[in-house]
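Remember, it's a predicted structure, so these values are computed and weren't measured experimentally. Residue numbers begin at 1 in each chain, while the letters A, B, ... track the order of the sequences.
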2 protein chains.
Amino acid sequence: MVVKGRRATQADVARLAGVSQTTVSMVLNGTGAAQRRVSAEVRERVLEAIAVTGYSANPSAQLLAGGRSSIIGVYTYEPVFPHSGGDFYYPFLEGIEDEAERSGVDLLMFTSMSGRSGKSLLSTGRVGRLRVADGCVLLGRRSYPEDLAELLRQDFPFAFVGRREAPEGQAPYAAAAYGEATRAVVERLVDLGHERIVLVNEFTGHESIEDRSRGYREAMTATGLQPVTFDAPDLESGAFLDTLQGAGVTAALVTSDLAAPLRRAAMARGLDVPRDLSIARLGDPERPNGEDVDWSGFLIPRWEMGAHALRIVLRQLTADAAAGGDLQVSIPCTLVPGATVAPRQ
Amino acid sequence: MVVKGRRATQADVARLAGVSQTTVSMVLNGTGAAQRRVSAEVRERVLEAIAVTGYSANPSAQLLAGGRSSIIGVYTYEPVFPHSGGDFYYPFLEGIEDEAERSGVDLLMFTSMSGRSGKSLLSTGRVGRLRVADGCVLLGRRSYPEDLAELLRQDFPFAFVGRREAPEGQAPYAAAAYGEATRAVVERLVDLGHERIVLVNEFTGHESIEDRSRGYREAMTATGLQPVTFDAPDLESGAFLDTLQGAGVTAALVTSDLAAPLRRAAMARGLDVPRDLSIARLGDPERPNGEDVDWSGFLIPRWEMGAHALRIVLRQLTADAAAGGDLQVSIPCTLVPGATVAPRQ
DNA sequence: CTGAAAGCGCTTACAG
DNA sequence: CTGAAAGCGCTTACAG
């Protein structure tokens, strides 16, 4: 009884059931603001007409009429599925999808904004497009403060995966608790007898690096040790390791992508890891790099970050928005003992 | 100049530019049916107002009014990003996303239909939901003829990744040319002197298996050889290999997931691959299984299948729909020489 | 308990 | 070249 070529509308259903279109809508939307009740008899007739016609709501019309779209956007600052290299987004998306399925929302991937690699949303002039969705999860390696500012200003529900600082106001995010995890790693090294513990950063300025750095400094200071940080050292020349040795350093914390190079550099210098130098890795790298090393340190809860980010967006859409729940969430990292850290000799 | 809380509409733009809302729409939709032209001057003003207001079309309204949403759905019959195992969808999605970016459309992942694993769309009663999008790419391991039938009947633009047969009518798809590839593999084996060449299927009934089977039978018959097919053999007991040996079989074509087991079974039986038995694999498995074997056979063009599927959907949306382009596309597989096939001894 | 009517933001004939 | 108006299929006050 479905009409070919044309979808059944509420009007069709109404006609068949001998009621008004309004009534059909009421039957479907149970909790009308007016709390109106349709008589059981009429409801029955409507339901039957719906079955007969194969009616299914037109989501565009619903949305236009002020309803929800049940669509949450996913904006990534780079293509999600790159041909080559990097599963940066993959584990995050796993978590997002899982949560989406559980929450009954669809995910709109903003793939249309071509050439978006590393550009801010604002600069592409397509911020408005996000509104197709009820809210949006943002993913990107870098920080885009201007986008955060704009979205906050527009009062559009969103959440970033990873901590991000907005120029003003509080940007919602689901982050990894790098600070706590780093602190725990330092404390473990201290327990193992280390005193000269340094931090080696890949780069600086990014929120995630800042968090680790803060955790490191806090833990060192709390123990009465001197924090020493090296930013983006040149590991190719042996000079850096000479410096470490000269200073009597016995343990190093390293951000993920520098861990393997540092270890190689140490070994090239004739040092044994972990006997001569303990190395703790602050987070697993984006993609397995083939090296078969049992790293000490911690893992990034990527899956949970994705799931939480979506939950944070959804929270902003529900009535209890004002009431409950922090819009900035930090998720504990998983500490791993590993084999690259040992008691001080 | 963006209003907080409310999105700019064409009416807002019109007001600011001092023109009618219709004119704004005209400026945006270039090729109005009436071929009407807006004066360069007015167009300029409108464009400026658009920039100032940060206007971006409301896709729901566009869709409702009969326009396009620039959203293409992606419906997968299982979660795309499973926690464990299987990158079945990943390479397909890479291709789809790439094509989407190139074509300027967004991808709507229908994640909301929870518990969709292996269920037909029809049975979940949410076929209508697909209409949020202009069209839809469907992905799934299995076949769902009832869905194809329904979508064809509704005249909804879609394409399946992989060949699928509809109960009646022609379902659009982007498939791998398994038949041709299998034929080429047989011909190579024949060139190498093999005569007793068998086909070993994982299972049967699926379109992709049928295609390989057809290619095998055609190639064998064309060469005057006798096609012999084994469906879902028990490789654990040695009996199967005894059968092959007894029959003087020197080469076997195997669907992807059975390749490794067959090779192991042969080796367990004291046979050397490829000296005693050549094995050609008909397609790479969904995920690398760790085995370090240089398989002879062919690879499935997953990336291209994804990209083509999207293109096929888009083709149905353009004016030249009736005119040009086949909606059923087969993409050549990549033949790989490999090391599991050798001349007959 | 039920319906007529306005309005969501667009596109597209139809008039000027 | 430009605009007033209808209509897409819904939701939701507002009247009965």
Side-chain angles (χ1 to χ4, degrees), chain A residues 3 5-46 49-50 53-71 128-129 131-132 134, chain B residues 3 5-46 49-50 53-71 128-129 131-132 134 317 319:
Chain A
V3 195
R6 202 175 69 79
R7 273 179 92 192
T9 69
Q10 286 189 352
D12 295 329
V13 175
R15 214 168 299 127
L16 210 163
V19 299
S20 77
Q21 178 254 318
T22 303
T23 300
V24 175
S25 177
M26 285 308 180
V27 169
L28 289 167
N29 299 316
T31 59
Q35 300 289 39
R36 349 175 16 183
R37 288 233 202 79
V38 180
S39 69
E41 178 194 21
V42 169
R43 160 177 252 91
E44 205 53 45
R45 256 190 296 154
V46 170
I50 288 176
T53 54
Y55 170 80
S56 161
N58 177 331
S60 297
Q62 283 183 301
L63 187 58
L64 188 56
R68 284 280 167 67
S69 67
S70 278
I71 295 175
R129 175 73 180 163
R131 297 248 174 199
V132 198
D134 291 333
Chain B
V3 194
R6 203 175 67 78
R7 266 180 97 187
T9 68
Q10 285 189 354
D12 295 329
V13 175
R15 215 167 298 128
L16 211 162
V19 299
S20 76
Q21 179 255 318
T22 303
T23 300
V24 175
S25 177
M26 285 310 178
V27 168
L28 290 168
N29 300 313
T31 58
Q35 300 290 38
R36 349 174 18 186
R37 287 234 201 80
V38 181
S39 70
E41 178 194 20
V42 170
R43 158 176 253 93
E44 206 53 49
R45 258 190 295 152
V46 171
I50 288 176
T53 53
Y55 170 81
S56 163
N58 177 333
S60 297
Q62 281 183 304
L63 192 56
L64 189 55
R68 288 285 163 65
S69 67
S70 278
I71 296 176
R129 175 73 181 163
R131 297 248 175 201
V132 200
D134 290 335
L317 297 174

Which whole-number value in Å describes the distance from A:Gln21 CD to C:dA5 P? 13 Å

Measuring from the side chain of A:Gln10 (C-beta onward, heavy atoms only), which nucleotide among C:dG9, D:dC10, C:dG3 has the closest atom? D:dC10

Nearest-nucleotide pick for B:Met26, side chain only, options being C:dC10, C:dT12, C:dG9: C:dT12

Distance check: side-chain N/O of A:Thr9 vs OP1/OP2 of D:dG9, anything under 4.0 Å? no

Go nucleotide by nucleotide along DNA chain C from the 5' end; which of B:Ala11 and A:Ala40 gets its closest nucleotide reached first? A:Ala40

Separation of C:dG7 atom C1' from A:Gln62 atom CD, nearest Å, is 16 Å

Scan B:Leu16, B:Asp12, B:Leu28 and name whichever one has a side chain to side chain contact (heavy atoms under 4.5 Å, CB included) with B:Tyr55. B:Leu28

Write down the distance between CG (B:Asp12) and P (C:dC8), rounded to a whole number of angstrom. 11 Å

Nucleotide C:dG7, atom P - distance to CG of B:Asn58 in whole Å: 18 Å

Between A:Thr23 and A:Ser20, a side-chain donor and acceptor under 3.5 Å: yes

Do the side-chain N or O atoms of A:Ser25 get closer than 4.0 angstrom to the phosphate oxygens (OP1, OP2) of D:dT11? yes

Rounded distance (Å) that lies between atom P of D:dG9 and atom CZ of A:Arg15: 11 Å

B:Ala65 side-chain proximity, nearest of D:dA5, C:dG9, C:dC8: C:dG9

side-chain N/O B:Ser39 vs D:dC1 OP1/OP2, d < 4.0 Å: no

Check the distance between C:dT11's P and B:Asp134's CG and give it to me in whole angstrom. 13 Å

Would you indicate which nucleotide in C:dT12, D:dG9, C:dC10 comes nearest to any side-chain atom of A:Leu64? D:dG9

Kindly give the heavy-atom pair with the smallest separation between B:Ala11 and B:Gln21, and that separation in Å. N-CG, 4.1 Å

Ignoring hydrogens and geometry beyond distance, is the side chain of A:Thr22 in donor-acceptor contact with the base of C:dA4 at under 3.5 Å? yes

Kindly give the heavy-atom pair with the smallest separation between B:Thr53 and B:Ile50, and that separation in Å. OG1-O, 3.2 Å

With both distances under 3.5 Å as the test, what is the Watson-Crick or G-U wobble partner of C:dA13? none

Both distances under 3.5 Å, Watson-Crick or G-U wobble: report the partner of D:dA4, or none. none

For B:Asp134 and B:Ile71, what are the C-alpha separation, side-chain angles and deciding distance, and is it a side-chain contact (heavy atoms from CB on, under 4.5 Å)? CA-CA 6 Å; B:Asp134 290 335; B:Ile71 296 176; 5.6 Å; no

